[in-house]
S.K.: 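Submitted below is the structure of interest, expressed as structure tokens.
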Amino acid sequence: MTPFHFGWARPIAFLAAFAALSACGLPNVGPNKKQIFSGSVLEDGDAYVVEVNERVTRATAFVPGLGFSESFRNASQVGSDTIQPGDVLGLTIWENVDDGLLAGEAQNATVLEMVQVDGSGFIFVPYAGRIKAAGNSPEAVRRLITEKLQDQTPDPQVEVRREAGDGATVSLIGSVGGQGVYPIERPTRTLSTMLARAGGVTIEPEIAQITVIRGNQKGRVWFADLYNHPEIDIALRGGDRILVEEDTRSFTALGATGQQARVGFEKQDLSALEAIAQVGGLVSATSDPTGVFVFRNEPEPIANEVLGRSDLIGDQRMVYLLDLTEPNGMFEARDFVIRDGDTVYVTEAPLTQWNKTVGALVGSLLGPAASLDQLAN
């Protein structure tokens with residue numbers, strides 16, 4: 001009988017423990033590349049795994065746009081001199097006599113402040129009666145009042161001052177320099193000029209969104225687009241509500257990245273490369289640059305185009321693979337557009353899992369106090 005050499009006990013135990021650890025697996029940040037591919041449709045899974053190339057990048061380069069409807073864009077500017085119901089007027093009437101109809105003794109001028117245009121569009125002026133103001137300019141109202149008074153007092157002189165009032169104002173809230181109610185005046189008839197009147201935006205302009213609510217209609221645009229595309233700088237209407245807020249889009253970063261979190265967009269169009277950089281980039285000690293994945297539910301038209309099909313119905317689960325080590329890998333990652341709700345996941349490098357296995361194995365065999373010298377002996 002061949003004697004058993006105890007010198008082989010430790011290597012045999014080492015191999016047995018290695019096999020056990022490999023079988024049960026070790027904690028990691030998420031699935032590896034092989035496990036992700038095992039969930040593809042080709043492996044009877046429920047997601048399409050697609051390697052990103054120039055064609056895929058073009059097909060997926062869709063970002064839901066912001067903009068105003070035709071009813072917003074086609075509205076003409078409101079004349080700043082046109083009086084509307086709810087507006088407030090100021091009147092001054094001079095009479096060419098010492099004791100006039102309106103002025104007291106030793107006075108020849110009467111000032112009527114805060115004369116509000118009622119819901120029917122009329123104002124009341126003593127001795128002149130009800131005067132139609134809505135739809136007229138201050139000059140037209142001046143002539144109407146003068147005609148009514150000139151038969152009762154010689155050569156009356158009338159001044160009509162239009163103030164904003166409730167009928168020609170807009171409200172601005174959110175991230176603006178000065179929240180409040182502002183009149184639509186000659187310099188502030190459009191959205192951009194009204195924002196300037198309120199002190200501009202107080203958040204990063206690149207991610208500032210402007211929402212205009214008009215009755216039951218709502219439109220939203222990027223702040224920067226108001227200046228890059230003047231055609232969308234809409235005319236305002238009395239009662240408009242303007243909200244300035246930060247972009248609420250976000251993506252989730254997981255895996256071997258510098259940060260694992262839900263991350264807000266820092267610009268309008270965010271690429272996969274910029275998303276990775278935004279969370280601290282890849283971790284040189286653990287990340288696998290050949291395994292950068294983007295998970296998303298892709299709309300039906302885009303999914304069909306990406307896969308070269310026409311039979312898919314409804315949103316499809318898509319997994320896009322970016323290999324940064326390929327000759328064009330960095331360019332594809334630079335051009336691949338990240339969308340709201342995407343998950344960017346970076347797998348661990350195979351060596352990382354190997355190191356975990358060896359570290360756990362050494363610890364299990366020799367204990368936490370074991371040293372490399374003990375392992376060598």
Side-chain angles (χ1 to χ4, degrees), residues 65-69 71-92 111-119 123 133-134 137-138 159-250 264-269 340:
L66 302 181
F68 291 118
S69 64
S71 61
F72 276 101
R73 297 195 307 270
N74 295 337
S76 59
Q77 291 188 9
V78 175
S80 63
D81 291 333
T82 302
I83 298 171
Q84 302 176 33
D87 282 356
V88 175
L89 306 179
L91 309 178
T92 301
V111 178
L112 302 175
E113 299 287 3
M114 302 300 291
V115 179
Q116 188 170 38
V117 182
D118 64 23
I123 61 172
S137 66
E159 178 190 30
V160 177
R161 299 176 301 279
R162 179 185 175 278
E163 301 176 12
D166 298 332
T169 59
V170 299
S171 59
L172 284 92
I173 59 174
S175 302
V176 291
Q179 301 185 70
V181 178
Y182 292 86
I184 300 177
E185 299 174 318
R186 187 178 296 276
T188 57
R189 299 178 185 180
T190 64
L191 179 56
S192 64
T193 56
M194 186 62 76
L195 289 169
R197 174 67 179 81
V201 300
T202 57
I203 56 178
E204 180 63 37
E206 180 72 18
I207 55 173
Q209 294 182 353
I210 315 299
T211 302
V212 178
I213 303 172
R214 179 175 299 167
N216 59 0
Q217 300 182 66
K218 179 185 293 187
R220 179 180 299 171
V221 294
W222 294 102
F223 174 73
D225 285 348
L226 289 177
Y227 300 92
N228 296 332
H229 306 283
E231 65 274 10
I232 68 172
D233 188 11
I234 61 171
L236 297 177
R237 290 288 185 271
D240 282 354
R241 290 170 290 168
I242 303 170
L243 170 65
V244 180
E245 58 186 346
E246 189 172 290
D247 183 10
T248 57
R249 294 176 304 162
S250 65
F265 282 36
E266 291 184 349
K267 54 182 300 190
Q268 289 186 32
D269 300 320
D340 185 26

S.K.: Does any part of the side chain of S175, heavy atoms only, come nearer than 4.5 Å to the side chain of V201, both counted from C-beta?
M.R.: no

S.K.: With side chain to side chain contact (heavy atoms under 4.5 Å, CB included) as the test, would you mind laying out the steps for F72 and L191 before giving the verdict?
M.R.: CA-CA 11 Å; F72 276 101; L191 179 56; over 6 Å; no

S.K.: Check the side chains of R241 and S171 for a donor-acceptor pair under 3.5 angstrom, ignoring hydrogens and angles.
M.R.: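 The criterion, which ignores hydrogens and geometry beyond distance, is not satisfied for R241 and S171.
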
S.K.: With sequence neighbours excluded, give me every ring-ring contact (aromatic ring centres under 6.0 Å, His included) pair touching residues 194-224.
M.R.: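 Found F223-Y227.
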
S.K.: Measure the CD-CG distance between Q179 and L243 for me, rounded to the nearest 0.5 Å.
M.R.: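 Reported value, rounded in 0.5 Å steps: 9.0 Å.
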
S.K.: Taking atom CG of L226 and atom OG1 of T190, what is their separation to the nearest 0.5 Å?
M.R.: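 L226 atom CG to T190 atom OG1 measures 8.5 Å (nearest 0.5 Å).
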
S.K.: Restricting to salt bridge (Lys or Arg N to Asp or Glu O under 4.0 Å), what partner residues turn up for E159, sequence neighbours left out?
M.R.: R161

S.K.: With D247, which residues qualify under salt bridge (Lys or Arg N to Asp or Glu O under 4.0 Å), at least two apart?
M.R.: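 Salt bridge (Lys or Arg N to Asp or Glu O under 4.0 Å) list for D247, sorted by chain: R249.
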
S.K.: List in chain and number order the residues that pass salt bridge (Lys or Arg N to Asp or Glu O under 4.0 Å) with D340, two or more places apart in sequence or in another chain; answer none if no residue qualifies.
M.R.: none

S.K.: Any pair with a residue in residues 204-218 that passes salt bridge (Lys or Arg N to Asp or Glu O under 4.0 Å), sequence neighbours left out, goes on the list, sorted by first then second residue, please.
M.R.: R214-D240

S.K.: Check for a donor-acceptor pair, side chain of R73 on one end and backbone N or O of E231 on the other, with a separation under 3.5 Å.
M.R.: no

S.K.: Tell me which pairs pass salt bridge (Lys or Arg N to Asp or Glu O under 4.0 Å) where either residue lies in residues 190-200, with sequence neighbours left out.
M.R.: none

